[in-house]
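A short worksheet on the structure shown next.
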Amino acid sequence: MCGIFAYKGEKTNAAELVINGLKKLEYRGYDSWGVAFKTDHKISIHKEVGKIGEFDVSTLREKMNVPIESQMAMGHSRWATHGGVTKANAHPHYSQDESIAIVHNGIIENFAELKKELQGKGYEFRSETDTEVVAHLIQEYKSLGHVEAIKKALSRLQGRYAILVLCAEDNRLIAARRGSPLIIGKGEKEFFIASDIPAFLEYTRKVMYLDDDQMVIINDDAQFFDLKTNKKIEKRIVEIDWNPESAEKGEFSHFMIKEITEQKETITRAINQDETKLMKIADEIKNAYGTYLVGCGTAGKVCLTASYLFAKIAKRHVNVAFGSEFPSLQDFITDRSLVIAVSQSGETADTLEAIEVAKKKGAKVLSIINVEGSSMDRISDYSINIKAGPEKAVASTKATTAQIAILTLLAYALDKRLEEGKILLVNTASQINDMLNPRYEEHILQLAQKIQDVESMYVIGKGVNYPIALEAAIKLQEVSYIHAEGFAGGELKHGPIALIHEGVPCIAIVANDETKHEIISNAMEVKARGGYIIGISPESNDVFDYWIKVPEVGAASPIVNIIPIQILAYQLAVLRKNNPDMPRNLAKSVTVK
Ligand code: F6R
């Protein structure tokens, strides 16, 4: 949430470089943006409301009317938390005397008290943000020297932050974090700092991760400090294996459809894991007194799907909680519990908090993540990388199916049938490869054209495909903005069926398993009340008004069933002239609570 990117090095176009890098982080926030750069003893700032992706960088010089040559710059693409979407609220923010500028991702919880205190000392605020207090606080302590002033200001903050600071009188770029990600890229005589790797992937793949309560000072080299002990820290340089193309749209019109299409390969990559490690993790699950699957949004629905997979494949009960709800269960967590955190980004604040709660109780933590080196990856006892590659569309697609694939494999490992699970998933991957072709997309497009103007739609599923109905509703809501809800088919008659009237589309996910007859009956109940039934199933059925065929893949049915709904959601978004990659009000990687 909010993209941060900074450069310090020998190139003299730092401001433009930062804007271009920020464009690659736009999925993290896209209501407004800004850039600050340092020339001699001055910091210049340019801010705009709107998407940074639409800004023509060649117009910066003309717009600013000052020399823009600089070797140090930082920028920010915002997802508003405190204060509306205005130029004044966009980052960077100056200190009162304009000698300091900062960008920030996170929330300063005690900003109101600090603001009052600073106002009492004569500081005037130009924005409604929580961030501006930090700039003024650093100015307040400036007599200590920049580094000490920043440390002192940070020590007064409550909440989460990733902060970058430029000082007019200092050639160093300074950054610190608590709870929000910051990654340092090391190039040839140049450094980058970003909230996510794709910002600098075209320049370097050598990265260093800043941990909580740490500061980095970038000059000719990068020096790391622990803010609690004030001691210097040595950082390991990690070489990441993403290539720059994997973070680009290429021939596709949007990242969302590119990432949906990549599911031809991502399942195979996901299941290619160290088997000894999988069996060890399976043992941890077996020996745990209580396993809790934790995730948010789509990842939360993956957790719920996994609870059915564990029950069905391994006859094992596991608990499920959304990250934000997990703290309410903490009384049940002990040092014999196992928490399995599922997260694409590995940075979601609610899931991270759940992990913190679990760790305080002495529980073991396994993270299933897509971003190597992310906070969750680093604080967990075990982690499994789903290897889906960069997921940039806000709506999760390829990461979702890769997570389900890993959890299916774990369920088989738990039942000592790892090889059987692998064979099933390899077969599923090959069936997805055949399924995802232009004819298939065209068939779904015809349906999207038919239903594009509806006000509401519903999705029903049963058993392991009930959470898939919930996930389907999230996909439809977030990119098409059509009111969509998912239900367990059997629950309809207990209330929601009152919503059905003539022509309302209802997607029925019908797997070829023990749930088939009942979910077909539920679809009939909807049809009898005028509903328009869209069947997602390996086989046709008379109750379907529109049938989207999916391959027959047994226990892996959740993976293939969600894919046509991802395509439908995408196509509805495009037909309704929404940007599927950057849906309104949302941002990728929710690093605030
Ligand atoms: C929806 C979506 C979100 C995320 C959620 C958790 O398509 O992507 O609901 O699943 O914000 O994010 P991660 O997986 O990064 O923890």
Side-chain angles (χ1 to χ4, degrees), residues 27 242-243 245-273 298-299 301-302 305-306 309 342 344-345 368-371 384-409 421-422 424-445 464-465 467-468 471-472 474-476 478-479 509 511 536 538 548-571 573-574 580-581 588:
Y27 55 91
W242 287 359
N243 62 40
E245 294 76 42
S246 64
E248 300 296 339
K249 271 202 298 249
E251 77 215 42
F252 293 90
S253 25
H254 296 99
F255 279 107
M256 184 173 177
I257 191 67
K258 174 187 181 236
E259 289 160 9
I260 289 172
T261 310
E262 281 175 356
Q263 290 172 111
K264 287 179 173 191
E265 302 112 38
T266 45
I267 307 297
T268 318
R269 274 212 306 269
I271 60 171
N272 187 7
Q273 300 285 343
T298 289
K301 305 302 175 284
V302 169
T305 309
L309 290 167
V342 180
Q344 188 282 128
S345 61
I368 298 183
I369 42 90
N370 190 33
V371 181
I384 300 179
N385 184 342
I386 63 170
K387 304 182 203 165
E391 190 181 68
K392 293 185 83 176
V394 165
S396 177
T397 54
K398 61 175 179 172
T400 312
T401 49
Q403 288 160 348
I404 301 174
I406 293 279
L407 285 155
T408 308
L409 203 58
K422 248 188 138 168
L424 170 76
L425 289 160
V426 167
N427 174 47
T428 304
S430 109
Q431 304 254 25
I432 291 171
N433 190 29
D434 295 345
M435 177 176 101
L436 280 172
N437 59 51
R439 246 179 317 115
Y440 195 70
E441 286 181 25
E442 177 61 34
H443 179 60
I444 300 174
L445 180 61
V464 71
N465 283 294
I468 296 303
E471 164 55 12
I474 296 190
K475 281 296 88 79
L476 292 162
E478 66 184 334
V479 297
I509 304 175
I536 305 241
I548 302 174
K549 188 173 178 184
V550 286
E552 167 60 70
V553 289
S557 72
I559 299 175
V560 296
N561 287 340
I562 193 61
I563 294 176
I565 303 171
Q566 296 169 345
I567 299 172
L568 178 65
Y570 168 76
Q571 288 169 338
V574 174
D581 287 347
K588 192 101 181 144

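As the structure is a computational prediction, the values presented were derived from the model and not from experiment.
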Output the distance between atom [atom1] ([X]) and atom [atom2] ([Y]), rounded to the nearest 0.5 Å.
{"X": "Lys475", "Y": "Lys301", "atom1": "NZ", "atom2": "NZ", "value": "9.5 Å"}
{"X": "Ile548", "Y": "Ile509", "atom1": "CD1", "atom2": "CD1", "value": "10.5 Å"}
{"X": "Ile432", "Y": "Glu262", "atom1": "CD1", "atom2": "CD", "value": "13.5 Å"}
{"X": "Arg439", "Y": "Leu445", "atom1": "CZ", "atom2": "CG", "value": "15.0 Å"}
{"X": "Leu425", "Y": "Ile406", "atom1": "CG", "atom2": "CD1", "value": "9.0 Å"}
{"X": "Glu471", "Y": "Asn465", "atom1": "CD", "atom2": "CG", "value": "12.0 Å"}

If you compare all heavy atoms of [X] against all heavy atoms of [Y], which two are closest, and at what distance to 0.1 Å?
{"X": "Ile386", "Y": "Ala399", "answer": "CD1-O, 3.6 Å"}
{"X": "Pro551", "Y": "Val560", "answer": "O-CG2, 3.8 Å"}
{"X": "Leu436", "Y": "Gln263", "answer": "CD1-CB, 4.4 Å"}
{"X": "Val464", "Y": "Ile468", "answer": "O-CG1, 3.9 Å"}
{"X": "Leu409", "Y": "Gly421", "answer": "CD1-C, 3.8 Å"}
{"X": "Leu309", "Y": "Ala555", "answer": "CD2-O, 3.6 Å"}

Looking at [Y], is its backbone amide N or carbonyl O close enough to the side chain of [X] to form a donor-acceptor pair, meaning the two atoms are under 3.5 Å apart?
{"X": "Glu552", "Y": "Gly554", "result": "yes"}
{"X": "Asn370", "Y": "Gly389", "result": "yes"}
{"X": "Glu259", "Y": "Lys392", "result": "yes"}
{"X": "Lys398", "Y": "Pro390", "result": "yes"}
{"X": "Arg269", "Y": "Ala388", "result": "yes"}
{"X": "Lys588", "Y": "Tyr27", "result": "no"}
{"X": "Tyr570", "Y": "Val479", "result": "no"}
{"X": "Lys264", "Y": "Met435", "result": "no"}
{"X": "Gln273", "Y": "Asn385", "result": "yes"}

Legend entry - Residue pair Ile257, Glu441: steps toward the side chain to side chain contact (heavy atoms under 4.5 Å, CB included) verdict: CA-CA 10 Å; Ile257 191 67; Glu441 286 181 25; 4.2 Å; yes
Inset, instruction - Can you establish whether the number of heavy atoms outside Lys387 located under 6.0 Å from its atom NZ is more than 12? - result: yes
Legend entry - Sole residue of Ile559, Ile562, Ile563, Asn561 in side chain to side chain contact (heavy atoms under 4.5 Å, CB included) with Val550: Asn561
Inset, instruction - Give a yes-or-no answer on whether the side chains of Ser396 and Glu391 include a donor-acceptor pair shorter than 3.5 Å. - result: yes
Legend entry - Val394/Phe255 under side chain to side chain contact (heavy atoms under 4.5 Å, CB included): CA gap, chis, key distance, verdict: CA-CA 9 Å; Val394 165; Phe255 279 107; over 6 Å; no
Legend entry - Test side chain to side chain contact (heavy atoms under 4.5 Å, CB included) applied to Gln403 and Gln344, step by step: CA-CA 8 Å; Gln403 288 160 348; Gln344 188 282 128; 4.2 Å; yes
Inset, instruction - Walk me through it: do Gln571 and Val574 pass the test side chain to side chain contact (heavy atoms under 4.5 Å, CB included)? - result: CA-CA 5 Å; Gln571 288 169 338; Val574 174; 5.7 Å; no
